[in-house]
There are 2 protein chains.
Amino acid sequence: MSSEFKLENRLCFRLYAASREVIKQLRPFLEALDLTYTQYLVMVVLWEGGTCSVKQLGQRLYLDSGTLTPVIKNLEKKELLRRFRSAEDERVVMTEITDSGKALQRRANEMTADMQACMALDKSEKAALGDLLNKLLPQ
Amino acid sequence: MSSEFKLENRLCFRLYAASREVIKQLRPFLEALDLTYTQYLVMVVLWEGGTCSVKQLGQRLYLDSGTLTPVIKNLEKKELLRRFRSAEDERVVMTEITDSGKALQRRANEMTADMQACMALDKSEKAALGDLLNKLLPQ
DNA sequence: CCCAATTTAATTGTGTTCAATTTAATTATA
DNA sequence: TATAATTAAATTGAACACAATTAAATTGGG
């Protein structure tokens with residue numbers, strides 16, 4: 001068995017496994033916020049901008065409406081965001097953060113440093129990893 | 001909005017997005033093999049060793065029986081592997097590659113170089129990324 | 001203006017992922 | 001040696017991911 005065929009030597013596998021491991025490490029923090037990882041990512045976008053269309057969310061998160069629609073509906077059920085159709089273009093569904101959503105941001109921000117400390121990498125390693133991962137993303 | 005809170009600056013998000021993007025790039029190859037990504041990873045392990053218990057598969061892939069059991073049953077349905085209980089320890093379920101499974105290996109191996117070329121990284125970048133990802137995996 | 005093409009979400013169906021629980025087999029211990 | 005603890009899979013239920021399809025709204029060419 002030549003080494004390039006070995007599971008552990010496949011970069012696609014290490015990437016997939018590392019991604020899941022990191023998300024697993026974040027789970028205690030996410031549970032404290034009562035959010036899943038995908039819900040958390042949607043909230044990160046809304047904490048930045050306050051409002052966002054489903055299409056724009058999809059472009060930021062690299063997810064389609066098949067994934068986002070149920071996630072957004074769950075966040076609406078938790079009253080962390082509101083959903084409404086754009087008046088200018090009725091095809092567009094907008095999400096808008098609520099007061100509860102904004103309140104959650106304070107607790108989430110306090111955790112951010114600890115969450116980022118989960119990854120056992122120093123500053124320069126994180127920068128290097130970030131640059132390499134960027135090369136794997138579209139554009 | 002301080003930059004460490006921005007979605008695109010979060011390493012956990014880049015990792016998650018990059019992992020899914022790479023798997024998306026691999027999909028045409030996987031379709032040619034009529035395998036999902038997870039099914040492919042199980043077959044990579046069996047192509048190496050011929051047989052493997054569910055527990056060992058879980059340790060290699062960082063997946064539990066809740067994920068692996070249905071994946072393995074689907075591979076059994078495709079007749080790429082057989083399942084049987086170990087005679088020494090009836091708790092242990094072993095998987096063993098079939099002749100069809102071995103035949104698929106030849107086609108898969110021919111694709112491996114092209115699959116690995118999907119990632120737009122040169123040799124040294126791949127080595128660096130591999131090392132950084134290893135630091136994020138258990139042990 | 002009219003209708004075909006495009007765009008945006010939602011829906012449907014398949015297949016993971018993972019936590020929690022259950023079942024069966026094995027091992028350890030009183 | 002009974003039985004308590006542990007181990008290995010399977011099961012269950014919730015929540016993604018994603019391809020393919022559908023429906024509604026908008027845009028663009030004749």
Side-chain angles (χ1 to χ4, degrees), chain A residues 13 15-28 30-31 33-43 52-78 80-81 83-95, chain B residues 13 15-28 30-31 33-43 52-78 80-81 83-95:
Chain A
F13 169 68
L15 196 54
Y16 157 83
S19 170
R20 286 188 302 109
E21 282 303 318
V22 168
I23 293 171
K24 208 168 284 182
Q25 304 259 310
L26 296 180
R27 206 144 284 144
L30 297 172
E31 274 170 24
L33 298 172
D34 189 31
L35 293 175
T36 65
Y37 185 62
T38 315
Q39 289 170 359
Y40 177 74
L41 294 180
V42 170
M43 292 309 296
C52 194
S53 71
V54 172
K55 179 183 166 64
Q56 289 169 329
L57 274 172
Q59 288 170 338
R60 292 286 292 280
L61 301 177
Y62 307 98
L63 291 171
D64 68 9
S65 68
T67 301
L68 284 174
T69 295
V71 172
I72 291 169
K73 284 184 176 175
N74 275 332
L75 288 171
E76 188 181 36
K77 212 174 292 176
K78 289 179 202 273
L80 297 176
L81 58 77
R83 250 157 32 100
F84 61 93
R85 296 243 165 212
S86 161
E88 304 91 65
D89 187 338
E90 290 280 348
R91 290 172 303 183
V92 175
V93 169
M94 299 296 300
T95 60
Chain B
F13 169 68
L15 196 53
Y16 159 83
S19 170
R20 287 188 299 112
E21 281 304 315
V22 167
I23 293 171
K24 207 168 285 184
Q25 303 258 311
L26 297 180
R27 206 143 284 146
L30 297 173
E31 275 170 21
L33 299 172
D34 189 31
L35 293 175
T36 65
Y37 185 62
T38 316
Q39 289 170 358
Y40 177 74
L41 294 180
V42 170
M43 292 309 297
C52 194
S53 71
V54 173
K55 178 184 168 63
Q56 289 169 329
L57 274 172
Q59 288 169 340
R60 292 285 292 278
L61 302 177
Y62 307 99
L63 291 170
D64 68 9
S65 69
T67 300
L68 285 173
T69 296
V71 173
I72 291 168
K73 284 186 175 173
N74 275 332
L75 289 171
E76 188 182 37
K77 211 174 293 176
K78 289 179 202 273
L80 297 176
L81 58 77
R83 249 156 34 100
F84 60 93
R85 297 239 166 217
S86 162
E88 305 91 65
D89 186 339
E90 290 280 348
R91 291 172 302 183
V92 175
V93 169
M94 299 295 300
T95 61

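Chain identifiers are assigned alphabetically (A, B, ...) following the order of the sequence lines, protein sequences preceding nucleic acid strands; residue numbering begins at 1 within each chain. No experiment lies behind these values; they were computed from the predicted model shown.
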- Message: With a cut-off of less than 4.0 Å, is there a side-chain N or O of A/N74 near OP1 or OP2 of D/dC16?
- Response: yes
- Which of these nucleotides, C/dA9, D/dC16, C/dT26, is closest to any side-chain atom of A/V71? D/dC16
- Task: Search all heavy atoms of A/R20 against all heavy atoms of B/Y62 and return the closest pair with its distance.
- Result: NH1-O, 3.0 Å
- How many Å lie between CG on A/L75 and C1' on D/dC16, as a whole number? 13 Å
- Message: Within the 4.0 Å heavy-atom criterion, would you say A/D64 contacts the bases, only the backbone, or no part of the nucleic acid?
- Response: base
- Item | Residue A/R91, side-chain atoms from C-beta onward, closest of C/dT6, D/dT6, C/dA9 | C/dT6
- State which of C/dA9, D/dC18, D/dA9 makes the closest approach to the side chain of A/L63. D/dC18
- Message: With a cut-off of less than 4.0 Å, is there a side-chain N or O of B/R20 near OP1 or OP2 of D/dA17?
- Response: no
- Item | Closest to the B/R27 side chain, choosing from C/dA10, D/dA19, C/dA25 | D/dA19
- Nucleotide of D/dA17, C/dT11, D/dA10 approaching A/K73 most closely (side-chain heavy atoms): C/dT11
- Output the single nucleotide from C/dT16, D/dA9, D/dC16 whose closest atom is nearest the side chain of A/Q39. D/dC16
- Between A/S65 and C/dT8, does any side-chain N or O lie under 4.0 Å from OP1 or OP2? no
- Item | Which atom of B/S65 lies closest to which atom of B/P70, heavy atoms considered | O-CD, 4.1 Å
- Protein-nucleotide distance (A/L57, atom CG; C/dA9, atom P), rounded to Å: 9 Å
- Note on the structure: Checking C/dT8, C/dT26, C/dT17 against the side chain of A/V92 (C-beta onward), the nearest is C/dT8
- NA contact type, A/T38, heavy-atom cut-off 4.0 Å: base, sugar-phosphate, or nothing? sugar-phosphate
- Task: Name the closest nucleotide to the B/E90 side chain, picking from D/dA24, C/dA25, C/dG15.
- Result: C/dA25
- Item | Given C/dT26, C/dA9, C/dT17, the nucleotide with the shortest approach to the side chain of A/Y16 | C/dT17
- Item | For the student: nearest non-hydrogen atoms of A/L35 and A/L80, plus distance | CD2-CD1, 3.7 Å
- Looking for any heavy atom pair under 4.0 Å, which part of the strands does A/T36 touch: base, sugar-phosphate only, or nothing? sugar-phosphate
- Query: What about A/T69: does its side chain form a donor-acceptor pair under 3.5 Å with the base of C/dA9?
  - Reply: no
- CG (B/D64) and CD (B/Q59) are apart, to the nearest 0.5 Å, by 12.5 Å
- Query: Considering only D/dA9, C/dT16, D/dA17, which nucleotide approaches the side chain of B/R85 most closely?
  - Reply: D/dA9
- Query: Base, sugar-phosphate alone, or nothing: which one does A/E88 contact when heavy atoms must sit under 4.0 Å apart?
  - Reply: sugar-phosphate
- Please report, rounded to the nearest Å, how far the C1' atom of D/dA19 is from the NZ atom of B/K24. 11 Å
- Query: Does A/R83 have any salt bridge (charged side-chain N to carboxylate O under 4.0 Å, His left out) partners at least two apart in sequence or in another chain, and if so, which?
  - Reply: A/E76
